[in-house]
Amino acid sequence: MFNKASFLTRLVASSVRVSEAAGGIIKNVMAGGDLKIVDKSESGGGGGYDPQTEADRRAQYCIVQSLQRHFHDIKIIGEEEDTTACPELEMGFNEDVLLSDRLMSNELKEIKENEVVVWVDPLDGTSEVALAVKNKNLALLEQVTVLIGIAYKGRPVAGIIHQPYHSTSGRTVWAIKGCGIHGLVPVTESSQKIVVTTRSHLSESVSSALEALKTRNLADNVEKVGGAGYKVLKVLEGCAAYVFASAGCKKWDTCAVEAVLDAAGGKLTDISGRDIRYESDVQLNNTGGVLATASWVKHQDYIDTIPQEIKNNLPEISSKK
Ligand SMILES: Nc1ncnc2c1ncn2[C@@H]1O[C@H](COP(=O)(O)O)[C@@H](OP(=O)(O)O)[C@H]1O
Ligand SMILES: [Mg+2]
Ligand SMILES: [Mg+2]
Ligand SMILES: [Mg+2]
């Protein structure tokens, strides 16, 4: 069945399994207790504290090696430049994904390996991992996700969000364009408009945008949590929007989650309402910020309410410097 399925279906079926293996590696490193944290901003990464742990490095190695072994011509762009080798694992694939093959459009069925860009965030929420260990507050680990996003012609067509610390054995939420969302049931209405935003990268523009939303009853409450992946899961499970009026997050933070949110009827753009592009040569930073809304609110209301001066300070820069 696997070999008969189209390339995209096989890539997603493998990516679901690889994300779960990466989640297991993250848990093993955490259980070992020695995160070997480095601060990437010290090696010229610019910006503030930007932690990377042994879990980030091992998880990325596992994901990239496994996918490259089975799909030689795909282009993979991952967050971490430094990785740590880990034993080769025979991944297999997730059988449920193969069932999507018959639902896929012909255009997606015909996609070839060298036409996709795979955006990998091996561990999203590293700041929360560091804080969980520092404060011995393991509840924060629920905010950790593994993100694998698949882009075709510069736009997301499939996404995998693995959440290793969700309940006891973790969960994987995945979607292929036009084939629905799997792994959770999206909330379709809520009496309260809760907006989620960053815990560890707050800034003047992030706060001002949220204040503006509050005045127009588009944010009854604001929750500050970690990870782009976790915030989109919160939007899928009842929050109204994820609003991040800052240029800090990257293409690997948003490609997977945009595909999953889109499959649930939500929407993700920059804060000016522009589509985020995912070609292999784009600027890595999401310089226009991130606005992700649930299916049951009007995305345009949020765009219209964010002050123009904040948007002007977050221009879209699409080509790589
Ligand atoms: N100013 C900044 N500098 C570096 N990374 C940033 C950033 N703002 C956001 N990010 C990254 O975007 C993701 C979501 O951030 P946040 O948790 O603050 O909402 C995190 O990914 P990683 O944890 O994969 O590094 C975080 O590091
Ligand atoms: Mg990230
Ligand atoms: Mg990361
Ligand atoms: Mg990081």
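Position 1 is the first residue of the sequence; numbering continues from there. Since the model is a prediction, treat every value here as computed from it, not as a measurement. In listed order, ligands and their atoms are each counted from 1.
One side chain, E142 or Y230, offers a donor N or O that lies under 3.5 Å from an acceptor on the other.
Contact detail for G229 and T145: the closest heavy-atom pair is CA-OG1, 3.6 Å. Contact detail for D82 and R57: the closest heavy-atom pair is O-CG, 3.3 Å. Contact detail for I310 and A209: the closest heavy-atom pair is CD1-N, 3.5 Å. When all heavy atoms are compared, the tightest approach of E279 to W119 is O-CZ2, 3.5 Å. Of all the heavy atoms in G226 and R199, the pair that sits closest is N-CB, 4.3 Å. Closest non-hydrogen pair, D275 versus K267, comes out as OD1-NZ, 4.3 Å.
Residue contact annotation: L147 has no non-hydrogen atom under 4.0 Å from ligand 1. The closest approach between a heavy atom of F244 and any atom of ligand 1 is below 4.0 Å. G125 counts as a contact of ligand 1, since one of its heavy atoms falls under 4.0 Å from the ligand. Put simply, part of K231 is less than 4.0 Å from ligand 1, judged by heavy atoms. Within the 4.0 Å heavy-atom shell around ligand 1 one finds K250.
Looking only at distances, a side-chain donor or acceptor of T215 sits under 3.5 Å from a matching main-chain atom of A212. Without hydrogens or angle criteria, N285 side chain to A247 main chain gives a donor-acceptor distance under 3.5 Å. Looking at K177, its side chain never comes within 3.5 Å of a backbone N or O of A259 through a donor-acceptor pair.
Between T198 and ligand 1, at least one N/O pair is under 3.5 Å apart. Residue-to-ligand polar distances place H201 within reach of ligand 1: an N/O pair is separated by less than 3.5 Å. Considering backbone and side-chain N/O atoms, E79 comes within less than 3.5 Å of an N/O atom of ligand 1. Between D124 and ligand 1, at least one N/O pair is under 3.5 Å apart. Of the N or O atoms in G227, one or more lie within a sub-3.5 Å distance of an N or O in ligand 1.
Near A228, the atoms of ligand 1 lying under 4.0 angstrom from a non-hydrogen atom of the residue are 14 (C). Residue G248 approaches ligand 1 through these ligand atoms, each under 4.0 Å from one of its heavy atoms: 1 (N), 2 (C), 5 (N), 6 (C), 7 (C), 8 (N), 9 (C), 10 (N). In the vicinity of S200, heavy-atom distances shorter than 4.0 Å reach the ligand 1 atoms 18 (O). Numbered from 1 in the order shown, with element, the atoms of ligand 1 that lie under 4.0 Å from a heavy atom of D121 read 24 (O). Near G226, meaning under 4.0 Å from any of its heavy atoms, are these atoms of ligand 1: 17 (O).
Side-chain contact check for V260 versus V232: every heavy-atom pair is 4.5 Å or farther apart.
The closest approach of D253 to the Mg ion (ligand 2), by N/O/S atoms, is made by OD1.
The aromatic rings of H182 and W174 lie parallel to each other, their planes meeting at an angle below 30°, with 60° marking the opposite boundary.
A salt bridge is defined here as a Lys NZ or Arg NE, NH1 or NH2 lying under 4.0 Å from an Asp or Glu carboxylate O, and E223 with K234 meets this definition.
The number of protein N/O/S atoms found under 2.8 Å from the Mg ion (ligand 4) is 1.
If you look at D56 next to ligand 1, there are no close heavy atoms at all, none under 4.0 Å.
Here side chain to side chain donor-acceptor pair (under 3.5 Å) pairs that include residues 288-299, with residues two or more places apart or in two chains, are T269-H299, T293-H299.
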